[in-house]
> 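Let me give you the structure first, and then I'll get to my questions.
If you're wondering where the values come from, they're calculated on a predicted model, not measured in any experiment. Sequence lines set the chain letters: A, B, ... in the order given, protein chains first and strands last, and positions in each chain run from 1.
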There are 2 protein chains.
Amino acid sequence: MSGDALDTLVASLRREGVRITTARRLVLDALVRGTPHPTAEELLSSVRAMAPDVHASTVYRNLDELERLGVVVHTHLGHGPATYHLAADAHGHLVCEACGRALEAPPDLFGQLARGVKRRLGFTLHPYHFAVLGLCAGCAAQTPART
Amino acid sequence: MSGDALDTLVASLRREGVRITTARRLVLDALVRGTPHPTAEELLSSVRAMAPDVHASTVYRNLDELERLGVVVHTHLGHGPATYHLAADAHGHLVCEACGRALEAPPDLFGQLARGVKRRLGFTLHPYHFAVLGLCAGCAAQTPART
DNA sequence: CGCCTATTGCGAGCTGGTCGCAACAGCAGC
DNA sequence: GCTGCTGTTGCGACCAGCTCGCAATAGGCG
Ligand SMILES: [Zn+2]
Ligand SMILES: [Zn+2]
Ligand SMILES: [Zn+2]
Ligand SMILES: [Zn+2]
């Protein structure tokens, strides 16, 4: 079942005429099966576990290309490196400034905001590229109040 | 009147025991009087207009220090360099992915979102660090529809 | 199998920012 | 106004995260 997700993805890319190389397949595999918010470097090391000679720039180029194809999206959870998702899994992020943990925003959370912005400013929101920062419940309790 | 804003800021910093150097005063001056979303490099060149020998790292260090003191905040409007505001002027940003223009979010815009997040997840939002991307009215009209 | 061309490995290069250090300059105290 | 303490500065080296140019390689179609 979960092996299928990769195969399906690969098949549909091939149908679009996208060439499937080992590196590209392994990047997709790492995205399908790995931990939730991998950075390019984490993806690189997953890829290298199977194909040790893959070069970092290959991973960057594949991520760019897959993003251009609409298969992958990247997100910034803070100041560090970008993190990647399968586009099908895209979601907003709430990141705690104190403990650094990233919560996935419930899918409807930005809906109201998006509607308000649209109505008032005519602006169409794509709220997934940057995380929204703040303090999670646990850290807020331990932190001296802040404006 | 507008010269006062700087003087007031400087006076209050001095009262807190902060040492006021030429570079620091010029950075503040550029923030008070310059264009709305300056990058560190833009601030550097404003500063150099008055004091040509100020070094880039001095501007970075002053911005860090002023941020630590709560006088300045930085924001990421996109992939480029960070941009700076006086903390007193802080506001959310809506940035158009097509034309790159940054709109200031009306101050109450994030209020609902913040209340929703707080109630449902106990998460306290600080919605100013990262911009929220999207398409402005003008660009949305010209762009082939997108999910 | 062979060709075409997209993709890769590789290293150099780039942007935006940080750091360690010795010289320097605020400003409090006299 | 001068002195001294200490925070700040100029400077260069360095760093992370990413991008590019190029020649060699390898998908995939016929
Ligand atoms: Zn991004
Ligand atoms: Zn996520
Ligand atoms: Zn930031
Ligand atoms: Zn702004």
Side-chain angles (χ1 to χ4, degrees), chain A residues 7 9-28 30 37-45 47-48 50-69 71-84 129-130, chain B residues 7 9-30 37-45 47-48 50-69 71-84 129-131:
Chain A
D7 292 348
L9 208 45
V10 164
S12 87
L13 284 171
R14 224 193 286 267
R15 239 173 285 124
E16 294 183 54
V18 177
R19 204 172 279 191
I20 303 300
T21 64
T22 341
R24 186 165 290 167
R25 185 200 304 276
L26 287 170
V27 167
L28 287 170
H37 298 113
T39 63
E41 204 135 0
E42 287 164 355
L43 290 168
L44 175 61
S45 68
V47 167
R48 281 189 173 158
M50 302 299 300
D53 292 346
V54 169
H55 199 274
S57 60
T58 299
V59 169
Y60 283 109
R61 283 185 290 217
N62 270 303
L63 290 169
D64 287 356
E65 180 65 5
L66 291 169
E67 189 150 22
R68 215 185 48 75
L69 292 166
V71 172
V72 157
V73 292
H74 78 269
T75 303
H76 306 274
L77 300 182
H79 281 166
T83 67
Y84 292 83
H129 188 190
F130 288 115
Chain B
D7 293 348
L9 207 45
V10 163
S12 88
L13 284 171
R14 225 194 284 270
R15 240 173 285 124
E16 295 183 54
V18 177
R19 202 172 280 190
I20 304 301
T21 64
T22 339
R24 188 164 290 168
R25 185 197 306 274
L26 287 170
V27 167
L28 287 169
D29 187 42
H37 298 112
T39 63
E41 203 134 358
E42 287 164 355
L43 289 168
L44 175 61
S45 68
V47 168
R48 281 190 173 157
M50 301 300 300
D53 292 347
V54 169
H55 199 275
S57 60
T58 299
V59 169
Y60 283 110
R61 283 186 290 219
N62 270 302
L63 289 169
D64 287 356
E65 180 65 7
L66 291 169
E67 188 150 23
R68 216 186 46 76
L69 292 166
V71 172
V72 158
V73 293
H74 78 268
T75 302
H76 307 273
L77 299 183
H79 281 167
T83 67
Y84 293 84
H129 188 189
F130 288 114

> Is B:R61 near enough to C:dT18 that one of its side-chain N or O atoms lies under 4.0 angstrom from OP1 or OP2?
no
> How many Å lie between CZ on A:R25 and P on C:dT7, as a whole number?
14 Å
> Parallel, tilted or perpendicular, judged at 30° and 60°: which one describes the rings of B:F130 and A:F130?
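Parallel, since the angle between the ring planes stays under 30°.
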> I'd like to know whether B:T75 forms a side chain to side chain contact (heavy atoms under 4.5 Å, CB included) with B:H129, so could you lay out the CA-CA distance, the side-chain angles of the two residues, the decisive distance to 0.1 Å, and finally the verdict.
CA-CA 5 Å; B:T75 302; B:H129 188 189; 5.8 Å; no
> Nearest to the side chain of B:N62, heavy atoms from C-beta on, is which of D:dT8, C:dG17, D:dT9?
D:dT9
> Regarding C:dT7, can its base be found pairing with the side chain of A:R24 as donor and acceptor, where the two atoms are less than 3.5 Å apart?
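No, the side chain and the base share no sub-3.5 Å donor-acceptor pair.
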> Looking at every strand, decide which applies to A:A23 at a 4.0 Å heavy-atom threshold: base, sugar-phosphate, or nothing.
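The residue A:A23 makes sugar-phosphate contact but no base contact.
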> To the nearest 10°, let me know how far the axis at one end of the helix from C:dC1-D:dG30 to C:dC30-D:dG1 is tilted from the axis at the other, five pairs an end.
30°
> What verdict does the side chain to side chain contact (heavy atoms under 4.5 Å, CB included) test give for A:H37 and A:E42, after you've listed the backbone C-alpha separation in whole Å, the side-chain angles of each residue and the deciding distance to 0.1 Å?
CA-CA 9 Å; A:H37 298 113; A:E42 287 164 355; over 6 Å; no
> Measure from CG on A:L26 to C1' on C:dG9 and round the result to the nearest Å.
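Taking CG of A:L26 and C1' of C:dG9, I get 16 Å after rounding.
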> Does a side-chain N or O of B:T22 approach OP1 or OP2 of C:dG26 to a distance below 4.0 Å, or not?
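True: B:T22 side-chain N/O within range (under 4.0 Å) of C:dG26 OP1/OP2.
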> In whole Å, what is the span from the CD atom of A:E65 to the P atom of D:dC18?
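In whole Å, D:dC18 P and A:E65 CD are 18 Å from each other.
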> Determine yes or no for a side-chain-to-main-chain donor-acceptor pair under 3.5 angstrom, with B:D29 supplying the side chain and B:R25 the backbone.
no
> What is the separation between atom CD on A:E16 and atom P on C:dA6, rounded to the nearest whole Å?
16 Å
> Mind listing the closest non-hydrogen atom pair of A:E65 and A:R24 along with its distance?
CG-NH2, 4.0 Å
> What is the distance from CG of B:D64 to C1' of D:dT9, rounded to the nearest Å?
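After rounding, the reported distance stands at 15 Å.
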> Begin from the C-alpha positions of B:V73 and B:E67 and carry the test side chain to side chain contact (heavy atoms under 4.5 Å, CB included) through to its verdict.
CA-CA 5 Å; B:V73 293; B:E67 188 150 23; 4.2 Å; yes
> Round to a whole Å and report the spacing from CD1 of A:I20 to C1' of C:dT8.
15 Å
> Counting the atoms with a prime plus P, OP1 and OP2 as sugar-phosphate, which does B:A56 contact under 4.0 Å by heavy atoms, base, sugar-phosphate, or nothing?
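Since no nucleic acid heavy atom lies under 4.0 Å of B:A56, the category is nothing.
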> Tell me the interatomic distance from B:D53, atom CG, to C:dA23, atom P, rounded to whole angstroms.
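So the CG-P distance, B:D53 to C:dA23, works out to 18 Å.
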> It should be established whether B:T21 places a side-chain nitrogen or oxygen under 4.0 Å from OP1 or OP2 of nucleotide C:dA25.
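B:T21 to C:dA25 OP1/OP2: no side-chain N or O under 4.0 Å.
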> Side-chain N or O of B:S57 versus OP1/OP2 of D:dG10: is the shortest distance under 4.0 Å?
no
> Quick one: on DNA chain C, does B:H79 or B:R14 contact a more 5' nucleotide (nearest heavy atom)?
B:H79
> Donor-acceptor check, side chain of A:H55 to backbone of A:S57, threshold 3.5 angstrom: yes or no?
yes
> Side chain of B:Y60, heavy atoms from C-beta onward: which of D:dC11, C:dT8, C:dG16 has the nearest atom to it?
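It is C:dG16.
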> Which of these nucleotides, D:dG17, C:dC27, D:dG10, is closest to any side-chain atom of A:E41?
D:dG17
> Out of D:dC11, D:dC18, D:dG28, which nucleotide sits closest to the side chain of B:H55?
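Of the options given, the side chain of B:H55 lies nearest D:dC11.
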> Which whole-number value in Å describes the distance from B:L44 CG to D:dT9 C1'?
13 Å
> Look at the side chain of B:E16 and the backbone N and O of B:L13, then say whether any donor-acceptor pair between them is shorter than 3.5 Å.
no
